[in-house]
Engineer: 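Next up is a structure, given as structure tokens.
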Amino acid sequence: MHMRAVIAALAAVAAMAAPAAMAQTVKVGVINTYSGPFAVPGQLMDRGITLYMKQHEKDLPPGVKIELIKRDDTGPQPDVAKRLAQELITRDQVQLLAGIVYTPNALAVAPLVTEAKVPLVVMNASTPVITMKSPYIARVSFTLWHSSYPLGQWAAKHDIKTAYTAVSDYAPGADAEEAFIKGFTEGGGKIVGSIRMPLQNPDFAPYLQKAKDANPAALFVFVPAGTQAIAVMKAFGDVGLKQAGIKLIGPGDITTDEGLDAMGDVALDVITMFHYSAVGKAPANAAFVQAYQAEFGKDQMPAFTVVQGYDGMAAIFDVIKAQNGKIDPDKTMALLKGWKYDSARGPIMIDPDTRDIVQNEYLRRVERVNGHLVNTELETIPMVKDPWKVLNAKQ
Ligand code: PHB
């Protein structure tokens, strides 16, 4: 009798404790750029994260909660990003990491997530090798090769005989330059000059003057989205390249949707390749834009980092739901490999072999529609894998 009573008492205690034991709060550390001259893409990414949380928190399994712990890396500052990752992992004990706008920061964080086995969902940083730096990294954004390699091929096929390249002097700029030159020259195009522009406090005018003096048919430009994209577009007009008949082309970072109206008419007819346009025709985009404008203002156009933050949260929600809130790092990575989603940019997938994204690339032209400048999609290249990885795959 005594033993039975003890067992019954224990069972009663267990039953009472069960709901509490089942409650799972998953801590997700977000390393993002919230302040300083490089903050625009990060602030927009945060809107995507916020919107997804707001719409889908109710879809989490009973008792499962997500706690986002947000940290500001203040720009391309690898030492800051590394310190924040260290604190999030060791002090806050996050189970997942997400965010990261700038490549140097992602490269600085990669060894830490490998060591601690904390999966990192990269929501922007775009140099191809990032995903190869840790088996615990998956990327929902893009690489510069996704856009710039097919753009080079397109330019060579469309009667552009000569081009000049001008890129920011850091890893993504080097990737954009190399990708464009490869696509363009393989198609028979000729490069008449290439320059790298400083990443910090650039004055674009002297660089664009050099490009103008070389008199190419097209100028290919990559600078980080946000303030610099607006400034380089203004310099393109001020230095008189448009008037000289030089065509501006580049990855969509230089015509981001939220900045187009601020760029003004000089942006008209600029041709870019990219994975998202706010006026894109992917089935999920209309509802996405509507929800975004309901949340952040009728006049606001979502840009690519909004979508990447949103889709990254979709991936995080899916791995949390599949594990009922109990995060195992290896199980998480297995779930991310092959993950598919119907994004506002079109269908996306995480390549199970590389953990990098597979997505449509769109050739776009800046046009004025209903009084606003927009990136009108002209052509679609379906489900592009990072061309750098395809070209450099071990035989
Ligand atoms: C990057 O640092 O990887 C980066 C930042 C902004 C962009 C593209 C790439 O627009």
Side-chain angles (χ1 to χ4, degrees), residues 31-34 36-46 48 73-82 98-110 120-133 137-149 151 166-180 196-200 202 204 220-233 250-260 263 270 272-277 302-309 312 345 356-357 359 361 364 375 386 388:
I31 300 173
N32 193 3
T33 305
Y34 290 103
F38 289 90
V40 172
Q43 290 165 345
L44 294 172
M45 181 191 286
D46 192 69
D73 63 25
T74 71
Q77 303 285 354
D79 293 342
V80 178
K82 190 174 170 187
I100 311 203
V101 177
Y102 294 98
T103 287
N105 300 10
L107 294 174
V109 168
L120 163 63
V121 175
V122 171
M123 293 173 166
N124 188 66
S126 316
T127 283
V129 295
I130 291 169
T131 45
M132 298 162 72
K133 296 293 180 190
I137 291 179
R139 175 157 44 198
V140 294
S141 50
F142 64 107
T143 77
L144 268 311
W145 279 75
H146 268 116
S147 51
S148 301
Y149 182 62
L151 179 64
V167 300
S168 297
D169 192 9
Y170 80 129
D175 284 309
E177 179 193 272
E178 191 189 336
F180 176 78
R196 305 258 177 107
M197 307 179 287
L199 179 61
Q200 302 287 346
F204 294 118
F220 171 90
V221 170
F222 166 78
V223 295
T227 318
Q228 292 205 12
I230 295 173
V232 86
M233 189 68 74
D253 309 70
I254 64 167
T255 59
T256 70
D257 303 88
E258 94 292 346
L260 278 177
M263 291 176 190
V270 172
T272 55
M273 188 76 78
F274 219 34
H275 53 285
Y276 180 71
S277 161
F304 67 105
T305 53
V306 179
V307 179
Q308 293 162 189
R345 57 184 126 164
D356 219 333
I357 192 157
Q359 61 190 341
E361 288 295 319
R364 312 99 50 83
N375 289 297
D386 171 27
W388 188 87

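Values below: every heavy atom of this structure, side chains too, minus hydrogens, waters and symmetry copies. Both counts, for ligands and for their atoms, begin at 1 and track the order of listing.
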Engineer: Report the part of F38 (side chain from C-beta onward, or backbone N, CA, C, O) that has a heavy atom under 4.0 Å from ligand 1; answer both or neither where that applies.
Structural biologist: neither

Engineer: Output the list of atoms in ligand 1 that are nearer than 4.0 Å to some heavy atom of A125, sorted by atom number.
Structural biologist: 3 (O)

Engineer: Give me the nearest non-hydrogen protein atom to atom 9 (C) of ligand 1 as residue plus atom name, then the distance to 0.1 Å.
Structural biologist: S126 OG, 3.5 Å

Engineer: Any idea which atoms of ligand 1 are less than 4.0 Å away from a heavy-atom of V101?
Structural biologist: 1 (C), 2 (O), 3 (O), 4 (C), 5 (C)

Engineer: Ignoring hydrogens, what is the shortest heavy-atom contact between M263 and M233? Give both atom names and the distance.
Structural biologist: SD-CE, 3.7 Å

Engineer: Give the numbers and elements of all ligand 1 atoms closer than 4.0 Å to a heavy atom of P172.
Structural biologist: 1 (C), 2 (O), 3 (O)

Engineer: Go through ligand 1 atom by atom and flag the ones less than 4.0 Å from a non-hydrogen atom of Y102.
Structural biologist: 1 (C), 2 (O), 5 (C)

Engineer: Would you say P224 and P172 make side-chain contact, with heavy atoms under 4.5 Å?
Structural biologist: no

Engineer: Looking only at the side chains, is there a donor atom on one of T127 and D175 sitting less than 3.5 Å from an acceptor on the other?
Structural biologist: yes

Engineer: Does N124, backbone or side chain, put an N or O under 3.5 Å from an N or O of ligand 1?
Structural biologist: no

Engineer: Is the Y102 ring parallel, tilted or perpendicular to the F38 ring (thresholds 30°, 60°)?
Structural biologist: perpendicular

Engineer: Could you name the option among L107, D253, V122 that has the heavy atom nearest to atom 10 (O) of ligand 1?
Structural biologist: D253

Engineer: Go through it in stages, so that I can follow the logic: the residues are Y276 and F142, the test is ring-ring contact (aromatic ring centres under 6.0 Å, His included), and I'd like the CA-CA distance, side-chain angles, deciding distance and then a yes or no.
Structural biologist: CA-CA 10 Å; Y276 180 71; F142 64 107; over 10 Å; no

Engineer: Any N or O of T103 that comes nearer than 3.5 Å to an N or O of ligand 1?
Structural biologist: yes

Engineer: Report the residue from N375, L44, N124 that forms a side-chain contact (heavy atoms from CB on, under 4.5 Å) with F304.
Structural biologist: N124

Engineer: For ligand 1, does A225 get within less than 4.0 Å through its side chain, its backbone, both, or neither, judged by non-hydrogen atoms?
Structural biologist: both

Engineer: Could you go through T143 and W388, starting from their C-alpha distance and side-chain angles, then the distance that decides it, and tell me whether this counts as side-chain contact (heavy atoms from CB on, under 4.5 Å)?
Structural biologist: CA-CA 9 Å; T143 77; W388 188 87; 5.6 Å; no

Engineer: Can you tell me which residue and heavy atom of the protein come closest to atom 4 (C) of ligand 1, and the distance to 0.1 Å?
Structural biologist: Y170 OH, 3.4 Å

Engineer: Determine the minimum heavy-atom distance between A303 and E258, stating which atoms define it.
Structural biologist: CB-OE1, 3.2 Å

